[in-house]
Amino acid sequence: MPACTLQALKQRLSLFPKKNLIHLPTPLARLENLSRELGGPEIWIKRDDLTGAGFGGNKSRKLEFIVADAVAKKADTLITWGGTQSNWCMQAAAAARRFGIRPVLLLFKTTDLRPEYDGNLLLDFLLDADIRVREARKDKLLPAGVAEEAVEEAAAEARSRGENPYAVAVGGSLPGLSMTQPLGALGYVAAFVELEEQARTARLEYTHIVHATGSGATQAGLVAGARALGRPVEIIGISVSDPKDDFTDIVLRIAEETGSALGLDPGIRRNDVIVLDEYIKEGYGVITAGVAEVIRLVFAREGIVLDPVYTGKAMAGLVDLVRRGRFGKDDRVVFLHTGGTPALFPYREPLIRLLTQGAEKSPA
Ligand SMILES: *Cc1c(COP(=O)(O)O)cnc(C)c1O
């Protein structure tokens, strides 16, 4: 029994304040060449890399709700954290600036990349964000505890200057700090509704969604949306950083809180949350030859650029799942492109190295 109809879910979502930051709906298209080449299920793509704010990406959907909350609370400063090439931090800073809010970014060095003005960090600089780079453990996305403490400190400092800061966790995912409801995940409940409507128009009866999971609200919102509507679609999150049990707990918690925030009891069970961790390989932000090859393959066959940290890893996972027979021939899989393409350029060195090993290739 579905807990709710599509119209009723839209109505409930409309009760939350929202700012228009992006162009919706994002395109839904069939990946004909890739589907044919892999010889498995029909593969479709939902282009959330084309949300249209900055260079696009999933965080903008979340920020439509989060920035509206910050504006309602009369915030003049937005404080958050991420890695030095954080897509979240860049999109959060861009969204904040549009509403006259000063962005403060605590950027943890979670990879070996030099923190130079390139990719997202260059965009942060162009936005004149208050950038503070911190040391961190490598290969992990969330410096748990450490980051929260640093944010509290930055918030106290802002308050002592008479500012009104709005603090939010990495990825806009976990409720807490100034964001008392799972507003990020609401963006992905709305995205699920959008996908349902598009799929109906396209007469696409999709059976699976595959995407990258990082801080959890994208998957939580999709799961909450699917369960609220009673859709038996399987949602597979490819972890880019943490073990599956940890992420399953986080996604489940955010999904349950999202159901409550919407005034629904969608009855989400632990086994509704599928997280795969075998594609993390060498850790967060470390790319392998498999990821580099999949970026080349999808660009060449479909003209679509993936990023090295999230969507490249998720697509490498999808390709492997198809090859291992995880899907039936009649299944229809939607790959959610969550953005992240500005990080492609700072990864030029490992990309070139991994794709030219053995071969002598150089443009010079
Ligand atoms: C943040 C991010 C994700 C993961 O989304 P979460 O909601 O944090 O799990 C996936 N892809 C890209 C490109 C991202 O920037």
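Just follow the structure's listing: the first ligand is 1, and inside any ligand the first atom is 1. Residue numbers start at 1 and run along the sequence shown.
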Should you measure from each heavy atom of A217, which atoms of ligand 1 turn up under 4.0 Å away?
-> 7 (O)

Below 4.0 Å from any atom of ligand 1, is there a heavy atom belonging to H211?
-> no

Backbone N or O of L107 within a donor-acceptor pair of the T84 side chain at under 3.5 Å?
-> no

Judged by heavy atoms only, the candidate from S215, G184, S241 nearest atom 6 (P) of ligand 1 is S215

Within 4.0 Å of some non-hydrogen atom of T213, the atoms of ligand 1 are 9 (O)

Do the side chain of R227 and the main chain of R231 share a donor and acceptor less than 3.5 angstrom apart?
-> yes

Where does Q219 meet ligand 1, judged by heavy-atom distances below 4.0 Å: at the side chain, the backbone, both, or neither?
-> neither

When you measure from atom 13 (C) of ligand 1 to each heavy atom in P308, G82, G339, which option holds the nearest one?
-> G339

Can you tell me if K10 uses its side chain to pair, donor with acceptor, with the backbone of T5 under 3.5 Å?
-> no

For K59, take its heavy atoms, then give the atoms of ligand 1 lying under 4.0 Å from any of them.
-> 1 (C), 2 (C), 3 (C), 5 (O), 8 (O), 14 (C), 15 (O)

Considering distance alone, does some N or O of W88 sit under 3.5 Å from an N or O of ligand 1?
-> no

Check whether any heavy atom of G171 sits under 4.0 Å from an atom of ligand 1.
-> no

4.5 Å side-chain heavy-atom contact, V133 and I131 = yes

Look only at the side chain of E148 and the backbone of G145, and say whether a donor-acceptor pair between them is shorter than 3.5 Å.
-> yes

Looking only at N/O atoms, are G216 and ligand 1 under 3.5 Å apart anywhere?
-> yes

K62 neighbourhood, listing ligand 1 atoms whose heavy-atom distance to it stays under 4.0 Å = 6 (P), 7 (O), 8 (O)

Which atoms of ligand 1 sit under 4.0 Å from any heavy atom of G340?
-> 13 (C)

Nitrogen or oxygen of T311 less than 3.5 angstrom from that of ligand 1 = no

Pairs satisfying ring pair (Phe, Tyr, Trp, His ring centres under 6.0 Å), at least one member in residues 21-53, at least two apart = none

T258 side chain to L186 backbone, donor-acceptor under 3.5 Å | no

Atom indices of ligand 1 within 4.0 angstrom of T338 heavy atoms, with elements = 10 (C), 11 (N), 12 (C), 13 (C)

Find out whether N87 and F55 are in side-chain contact, i.e. whether some heavy atom of one side chain is under 4.5 Å from a heavy atom of the other.
-> no

Applying a 4.0 Å heavy-atom criterion (strictly less than), which segment of N87 is in contact with ligand 1: side chain, backbone, both, or neither?
-> side chain

Atoms of ligand 1 under 4.0 Å from any heavy atom of A212, numbered from 1 in the order shown, are 4 (C), 10 (C)

Quickly, which of D320, D331, I236 forms a side-chain contact (heavy atoms from CB on, under 4.5 Å) with R326? Name it, please.
-> I236

State, yes or no, whether a side-chain contact exists between V334 and L204 at a heavy-atom distance under 4.5 Å.
-> yes

Give the contacting part of N58 toward ligand 1: side chain, backbone, both or neither, where contact means a heavy-atom distance below 4.0 Å.
-> side chain

Do D307 and T338 come close enough that some side-chain heavy atom pair is under 4.5 Å?
-> no

